[in-house]
Amino acid sequence: MVIEHKKIAIVGGGPGGLTLARLLQMKGADVKVYERDVHKNVRVQGATLDLHEESGLEALRRAGLMEGFTANYRPDAGKLKILDRDFKVYLDEHSLLNSHSEDRPEIDRAPLRKILLESLQPDTVVWDSHFISMEKKDNGWLLHCKNNKSYYADLVIGADGARSKIRPYLTGIQPIYSGVTMVEGNIANAEVNAPEIFKWVNGGKIFALDESKSLLLSIKGDGTLTFYTGCNADENWVRESGIDFSKREQVFEWFKNEFHTWDERWDELFESENVVIIPRPQYHYPLNQGWETQPDLTLLGDAAHVMPPYAGEGVNMAMQDAFELAECLTDQKFNTMKEALEQYEKNMLTRASEMTAATLDNTNLMHAEGAVDHLLKMFSGEH
């Protein structure tokens, strides 16, 4: 196989990078994962992940990790309520025998990461390795990290997310603003710090849609409530708004103004001192993006094809990238790494284009008038 006797560097220890490392090690490859987190116990942010049959779950099956997933997934975490601004309920999957969520089981990021990490050989992940730059050396690359160390690899795979530092070495294609900016909040111990909304979420998810705005909420296994506001906004709104997003009071003032027609019960999201807030403008790459395949460098996940989260495809795409890339790199039919990477990138970019288009449709649908009706029709199969 084309990676025999080759050193492989995966930059980024998210689900995509770790899945790839596991699959390649199963084939005997020499793999290291360079991760900027200082150690494995760093708190993992973000909402729960719903894994899809043909992508995220398929990756875990191929990696031999379904037993760990089954032991850690949360059966009710995907149960959805669809509300409007006044808490009127249009769909409540908690009261249904069969629900949309059962096809997409949920797991928190932290246990998923733990399952993947524990499947790797000791010392596969090089912690505290914040990538700075790399340069060509011999037939591969010399990677430089903030820990004042450098590492050689014959093949580098950028799995380092939406702000990938590896991507510019492969392509100069820039992301496109989607028109929607989210404000993410995480409330620790939400049962105490946001008790009313905690009860409404009921261990699952809420999509509240109205007036071309969205509020998405979910509960993690540790009791943290994660929420995302979504609004149509100018690309530079975060910078030009004058809001200091580290100051809860300033963000709360913005929320009360922007969502002033929404029921006051939503204010509970910003009333606790225990909320951590991050603004997130949403980007995607052109549907027709492409680049010349290199023999020693490629991308997976958000580094290759970032997109808004309104179809729940991000982690699933990354994990599918991982198993398709592993398959190409270990397939005996390819004579060179470039041939293998060419096949992977062709398939990956085609799939990413289709999924980005579908995600943008969802993004527009959820931030347009009549969003609740559109969403209900989509769930009933009318869209």
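Side chains included, hydrogens not; waters and symmetry mates left out as well; all remaining heavy atoms used. As the structure is a computational prediction, the values presented were derived from the model and not from experiment.
Within the 6.0 Å centre-distance limit, the rings of Tyr151 and Tyr34 are counted as a close aromatic pair.
No side-chain N or O of Asp92 forms a donor-acceptor pair with one of Tyr90 less than 3.5 Å apart. Defined by atom type and a distance below 3.5 Å, a donor-acceptor pair is missing between the side-chain atoms of Glu35 and His130. Donor-acceptor pairing under 3.5 Å is lacking for the side chains of Asp108 and Thr48. Checking Gln282 against Thr181 by side-chain atom types alone, no donor-acceptor pair falls below 3.5 Å. Counted by atom type alone, Ser133 and His144 present zero donor-acceptor pairs between their side chains at under 3.5 Å.
Here the side chains of Arg22 and Val31 are not in contact, with every heavy-atom distance at 4.5 Å or above. Within the 4.5 Å cutoff, no side-chain heavy atoms of Lys114 are placed close to those of Asn72. Inter-residue side-chain proximity for Val125 and Leu120 is flagged as met; some heavy-atom pair is nearer than 4.5 Å. With contacts defined as side-chain heavy-atom distances shorter than 4.5 Å, the pair Ile8/Asp30 does not qualify. Taking 4.5 Å as the limit, every side-chain heavy atom of Thr224 sits out of range of all side-chain heavy atoms of Ile187.
In this structure, His284 has no ring-ring contact (aromatic ring centres under 6.0 Å, His included) partners at least two apart in sequence or on a different chain. Residues satisfying the side chain to side chain contact (heavy atoms under 4.5 Å, CB included) test with Arg351, not counting sequence neighbours, are Met317, Gln320, Asp321, Glu324, Met348. Evaluation of the side chain to side chain contact (heavy atoms under 4.5 Å, CB included) rule for Cys231 yields Lys213, Trp254, Glu258, Phe259 as partners, not counting sequence neighbours. The ring-ring contact (aromatic ring centres under 6.0 Å, His included) test applied to Phe227 returns Phe270, not counting sequence neighbours. Qualifying salt bridge (charged side-chain N to carboxylate O under 4.0 Å, His left out) partners for Asp50, counting only residues two or more places apart in sequence or in other chains: Arg104. By the side chain to side chain contact (heavy atoms under 4.5 Å, CB included) test, Thr350 pairs with Glu354, sequence neighbours left out. For Pro195, the side chain to side chain contact (heavy atoms under 4.5 Å, CB included) test picks out Glu268, with sequence neighbours left out.
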List the steps, then state whether salt bridge (charged side-chain N to carboxylate O under 4.0 Å, His left out) holds for Glu273 with Arg248.
CA-CA 8 Å; Glu273 297 288 340; Arg248 176 188 61 86; 3.1 Å; yes
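In this structure, Asp138 contributes its side chain and Gly140 its backbone to no donor-acceptor pair below 3.5 Å. For Asp263 (side chain) and Arg265 (main-chain N/O), a donor-acceptor pair under 3.5 Å exists by modelled atom type. Side chain of Arg36 to backbone of Ser129: no donor-acceptor contact under 3.5 angstrom is found.
Heavy-atom neighbours of His260 NE2 from other residues, nucleotides or ligands within 6.0 Å: at or below the threshold of 12.
Among pairs with a residue in residues 2-18, none fulfils side chain to side chain donor-acceptor pair (under 3.5 Å), at least two apart in sequence or across chains. Pairs of residues two or more places apart, or lying in two chains, that qualify as ring-ring contact (aromatic ring centres under 6.0 Å, His included) and include a residue from residues 288-341 are Tyr310-His367. Counting only residues at least two apart or on different chains, the ring-ring contact (aromatic ring centres under 6.0 Å, His included) pairs with a member in residues 156-211 are Phe87-Trp200, Trp141-Tyr169, Tyr177-Tyr283.
Atoms OG1 and CD, from Thr229 and Glu184 in turn, are 10.0 Å apart once rounded to the nearest 0.5 Å.
The hydrophobic cluster containing Ile278, built from Ile/Leu/Val/Met/Phe/Trp/Tyr side-chain heavy atoms closer than 4.5 Å, comprises no other residue. Side-chain contacts under 4.5 Å among hydrophobic residues (ILVMFWY), followed directly or transitively, place Leu360 with no other residue at all.
A salt bridge links Glu106 with Lys205: the closest approach of a Lys/Arg side-chain nitrogen to an acidic carboxylate oxygen falls below 4.0 angstrom.
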